[in-house]
Amino acid sequence: MLDDVGGIRKTVGMATFDHLGLSVADVPRASDQLDPVLTALGYTRAYNAPEHAYWRQTDEPEILLYPAREEGQHVHGHVGWQHMAFEVGSREEVDRLHRVAMDAGWSAVREPKEYPRFTERYYASFVEDDNGIRFEFMHNPPRDTTNG
């Protein structure tokens, strides 16, 4: 069931993913590092201040930055955040986004390559920012069922 609330159509009775908040050591630095990647993914930085920044894209959850309450870096594999994957339209787009992240100062965790352990069509790269926040850019087209 849909309900119109203040001009925004919301699904009533069902949970929806609205935003993702990330704690970072230095909001301005993280914002500068994240912005080229999110811009390349179609997001727009809607707010950018020393204590908070966020990005929007129509019909997608917002991505927000907050200052961390404690010093340190996120450690991949510990309890909590693992990674966020962005599905894109082609292998070339995976490669392009990987280059954008590298140019913005991210670290390559895994260069773009095939991952047949997921599916024979899965192609992805994994990158990490200075806070240890990991993104995956992936392309996994549907299997061609027209040829049997």
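Please read all numbers here as calculations on a predicted model, not as lab measurements. Values below: every heavy atom of this structure, side chains too, minus hydrogens, waters and symmetry copies.
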Verify the distance criterion only: is there a donor paired with an acceptor across the side chains of R69 and S23 at less than 3.5 Å?
-> no
Which heavy atom of H139 sits nearest a heavy atom of S90, and at what distance?
-> ND1-N, 3.3 Å
Between the side chain of D129 and the main-chain N/O of L34, is any donor-acceptor distance below 3.5 Å?
-> no
ILVMFWY cluster, M84 and Y123 together (side-chain gap under 4.5 Å) | yes
Report, as yes or no, whether the 6.0 Å neighbourhood of atom CZ on R29 holds more than 12 heavy atoms from other residues, nucleotides or ligands.
-> no
Donor-acceptor under 3.5 Å (T16 side chain, D18 main chain) | no
When you measure from the side chain of H98 to the backbone N and O of P112, does any donor-acceptor pair fall under 3.5 Å?
-> no
For the student: nearest non-hydrogen atoms of P142 and R121, plus distance | C-NE, 3.6 Å
Between the side chains of D130 and W106, is a donor N or O closer than 3.5 angstrom to an acceptor N or O?
-> no
Considering all heavy atoms, the nearest A40-L97 contact | CB-CD2, 3.5 Å
Within a strict 4.5 Å, meaning less than it, do heavy atoms of the I63 and Y43 side chains meet?
-> yes
Find out if a path of hydrophobic residues (ILVMFWY) with successive side-chain heavy-atom gaps under 4.5 Å connects V75 to L22.
-> no
Hey, does the side chain of Q57 reach the backbone of L41 with a donor-acceptor pair shorter than 3.5 angstrom?
-> yes
Does the side-chain contact (heavy atoms from CB on, under 4.5 Å) test come out yes or no for W81 and L20, once each step is laid out?
-> CA-CA 11 Å; W81 172 273; L20 174 66; 3.5 Å; yes
Would you confirm whether the ring centroid of F135 sits within less than 6.0 angstrom of the ring centroid of H83?
-> no
May I ask whether V109 and F118 are part of the same hydrophobic cluster, defined by side-chain heavy atoms of I, L, V, M, F, W, Y residues being less than 4.5 angstrom apart, directly or through others?
-> yes
Salt-bridge criterion met for K113 and D95 (N-O under 4.0 Å) | no
Full working for side-chain contact (heavy atoms from CB on, under 4.5 Å) between I133 and V24 = CA-CA 9 Å; I133 294 170; V24 296; 3.9 Å; yes
Can Y54 and N48 be said to form a side-chain contact (heavy atoms from CB on, under 4.5 Å), step by step?
-> CA-CA 7 Å; Y54 61 88; N48 192 36; over 6 Å; no
Are M138 and L38 grouped together when hydrophobic residues (ILVMFWY) are joined by side-chain heavy atoms under 4.5 angstrom apart?
-> no
Min side-chain heavy-atom separation D35-W55 under 4.5 Å = yes
By side-chain hydrogen bond (donor to acceptor under 3.5 Å, both in side chains), which residues pair with R134, not counting sequence neighbours?
-> H76, E128
Dump the intermediate steps for side-chain contact (heavy atoms from CB on, under 4.5 Å) on V37 and F137, then the final yes or no.
-> CA-CA 10 Å; V37 173; F137 309 122; 3.7 Å; yes
Sub-3.5 Å donor-acceptor pair from the side chain of S31 to the main-chain atoms of V27, do we have one?
-> no
Is there a donor-acceptor contact under 3.5 Å from the side chain of R56 to the main chain of E62?
-> no
So, do M102 and V127 sit near enough that their side-chain heavy atoms are less than 4.5 Å apart?
-> yes
Aromatic plane relationship, Y115 with Y122 - under 30° parallel, 30 to 60° tilted, over 60° perpendicular | perpendicular
Using a strict 4.0 Å threshold on nitrogen-to-oxygen distance, state whether E114 and R91 make a salt bridge.
-> yes
Ring centres of H52 and Y66 under 6.0 Å apart?
-> yes
Which residues satisfy the side-chain hydrogen bond (donor to acceptor under 3.5 Å, both in side chains) test with T44, sequence neighbours excluded?
-> none
Give, for atom CZ of R110 and atom OG of S125, the distance between the pair rounded to the nearest 0.5 Å.
-> 10.5 Å
